[in-house]
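Step one of this worksheet: look at the structure below.
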2 protein chains.
Amino acid sequence: MRETTGGTRERIQAVALELFTEQGYEKTSLREIAERLGVTKAALYYHFKSKDEIVTSLVDDRLRRMDELIAWAADQPPTLATRRALIGRYADSMFDGDLPQVMRFFEQNQTVLKSLVAGQQMRDRMMRLAHQLCRGDDSPAAQLRAALTLFAVHSSWFAVRAPGITDDERKRIALQVADELLAKIGETGQG
Amino acid sequence: MRETTGGTRERIQAVALELFTEQGYEKTSLREIAERLGVTKAALYYHFKSKDEIVTSLVDDRLRRMDELIAWAADQPPTLATRRALIGRYADSMFDGDLPQVMRFFEQNQTVLKSLVAGQQMRDRMMRLAHQLCRGDDSPAAQLRAALTLFAVHSSWFAVRAPGITDDERKRIALQVADELLAKIGETGQG
DNA sequence: ACCTGAACACCGTTCAAGT
DNA sequence: ACCTGAACACCGTTCAAGT
């Protein structure tokens, strides 16, 4: 058997992330997760206080990295160069390691997550990121552009339908479009 | 008493739309809806085949209007003028009558709706709209821009935080940003 | 035609009890 | 420390029965 490397807690997280992303949070029952691991539903409650808390544990790492990004940006001058660097770093983190899967899960479960603590924190960080992206220009248009810049990175995963396109190419396209949006922030005049 | 204008079916739809939007589809129980109307849970099943089917009935009207838009666009030449007119009409329909509430509901419940028939149809229509918006330019960047154009209209509701801003102003900003994105579709060269 | 009462299998959660 | 068995209130759904 030698199922996987280790502790039950980690195995629960792995299975939960997979099923939540595939079928959604609400559609995935704890019974389903437990069965895959060969334990009882009640066993899950030894490792996590609730179903909600499983999600929290998945998102925590991601939250920390976003906090770092936001803090970094707040320390830089509010220039176009900073905005470009910020979205570049954000895209890097989105396409790096196993975080894409966490974000994919998040993307798929935004609604449900609204009522979950982790979801609210995540939304909060996105808002702050957007706020950093239009620092020095708080016009409505700038706010909208900042939000769309983040969307550009996210939606490059599903909005672009091209056979055989690589993750790197998706990232490049996303940053190209993002850069154009960012360039319009902080411009004097309405042109 | 003379509760509302009429039939139980319509009253169910009204209450369901309100609660689904406020709390989400999964978090709203049929018991809750029934109680508000002073009927039994089972009574709902006389008017609707399932909880899912309540959503379908809410979204149907919206689907029809999107179909009309798509058909109209397919009949026009694939020019920038057409793209601009298309997103303009789309924004109109989004900010008009009681449809905004339906869309707000949709925005809030995308995930859950993925597994519902109505949700899949809705996603399908959004894809087709995006496709119309980049007709004649199937490059990845164009696809991404087309998707972001639609997002611009949607996210103008929540991404823009300005005290006392009106719906009309939100719409104007959305269309301004959308137009800039659309202008870059179909441009020769990569510049 | 319109609705009720009671039952169905399933859900997340709790807790005493076992090793 | 780690897990089980059995119970809890709640969920969406069904259906015979009432008017």
Side-chain angles (χ1 to χ4, degrees), chain A residues 1-59 105 109 111-119, chain B residues 1-59 105 109 111-119:
Chain A
M1 286 283 174
R2 62 167 93 79
E3 271 286 341
T4 63
T5 48
T8 312
R9 195 186 145 90
E10 285 71 23
R11 292 170 63 218
I12 294 172
Q13 288 178 315
V15 170
L17 177 56
E18 192 187 330
L19 293 181
F20 287 166
T21 308
E22 260 176 36
Q23 334 175 333
Y25 174 79
E26 302 269 17
K27 291 252 165 202
T28 304
S29 69
L30 295 181
R31 183 188 49 73
E32 220 171 338
I33 297 172
E35 264 174 13
R36 278 234 193 166
L37 297 170
V39 296
T40 353
K41 254 200 315 182
L44 305 181
Y45 281 85
Y46 175 75
H47 297 281
F48 298 96
K49 270 182 290 193
S50 66
K51 192 181 177 184
D52 182 334
E53 223 248 326
I54 299 180
V55 175
T56 304
S57 77
L58 291 171
V59 171
F105 153 76
N109 288 272
T111 314
V112 189
L113 288 177
K114 277 188 69 172
S115 52
L116 271 49
V117 191
Chain B
M1 287 280 172
R2 62 168 93 81
E3 271 286 342
T4 64
T5 50
T8 311
R9 193 186 146 89
E10 285 72 24
R11 293 171 61 218
I12 294 172
Q13 288 178 315
V15 170
L17 178 56
E18 192 187 328
L19 293 180
F20 287 167
T21 308
E22 261 175 36
Q23 335 175 332
Y25 175 80
E26 303 268 18
K27 291 252 166 203
T28 304
S29 69
L30 294 181
R31 182 188 49 73
E32 218 171 340
I33 296 173
E35 264 174 12
R36 278 233 192 168
L37 297 170
V39 295
T40 354
K41 253 198 318 180
L44 304 181
Y45 281 85
Y46 175 76
H47 297 281
F48 299 96
K49 271 182 289 194
S50 65
K51 191 181 179 185
D52 182 333
E53 223 247 328
I54 299 180
V55 175
T56 304
S57 79
L58 291 172
V59 170
F105 154 75
N109 290 271
T111 314
V112 189
L113 289 176
K114 278 189 68 173
S115 53
L116 269 49
V117 191

Dot-bracket for DNA chain C, 5' to 3', Watson-Crick and G-U pairs with both distances under 3.5 Å, [ ] for crossing pairs, | for partner on another strand, reads ||.|||||...|||||.||

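For the pair B:Tyr46 OH and C:dC3 P, the interatomic distance rounds to 8 Å; values are reported in whole Å. For the pair A:Arg9 CZ and D:dA1 P, the interatomic distance rounds to 15 Å; values are reported in whole Å. Atom NZ in A:Lys27 sits about 16 Å away from atom P in D:dC11, given to the nearest Å. Rounding to whole angstrom units, CZ of residue A:Phe48 and P of D:dC2 are separated by 12 Å.
The shortest heavy-atom contact between B:Tyr25 and B:Asp52 is OH-N, 3.2 Å.
Between A:His47 and D:dA1, a side-chain N or O to OP1/OP2 separation shorter than 4.0 Å is absent. Close to D:dC3, at under 4.0 Å from its OP1 or OP2, lies a side-chain N or O of A:Thr8.
Between A:Lys27 atom NZ and A:Leu19 atom CG the span is 14.0 Å, to the nearest 0.5 Å.
Side chain of B:Glu53 to main chain of B:Lys49: a donor-acceptor pair is present (N/O by atom type, distance under 3.5 Å, no hydrogens or angles). Proximity of a side-chain donor or acceptor of B:Lys41 to a complementary backbone N or O of B:Ser29 within less than 3.5 Å is not detected.
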Test salt bridge (Lys or Arg N to Asp or Glu O under 4.0 Å) applied to B:Arg31 and B:Glu35, step by step: CA-CA 6 Å; B:Arg31 182 188 49 73; B:Glu35 264 174 12; 3.5 Å; yes

Go through B:Phe48 and B:Thr56 one step at a time and tell me if the side-chain contact (heavy atoms from CB on, under 4.5 Å) criterion holds. CA-CA 10 Å; B:Phe48 299 96; B:Thr56 304; over 6 Å; no

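The shortest side-chain heavy-atom distance between A:Glu18 and A:Val15 does not fall under the 4.5 Å cut-off. Under the 4.5 Å side-chain criterion, counting only non-hydrogen atoms from C-beta, A:Ile12 is not in contact with A:Tyr46.
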How does protein reach along nucleotides 12-19 of chain C, written 5' to 3' as B (base within reach of a heavy atom under 4.0 Å), S (only sugar-phosphate), or - (no contact)? BBBB----

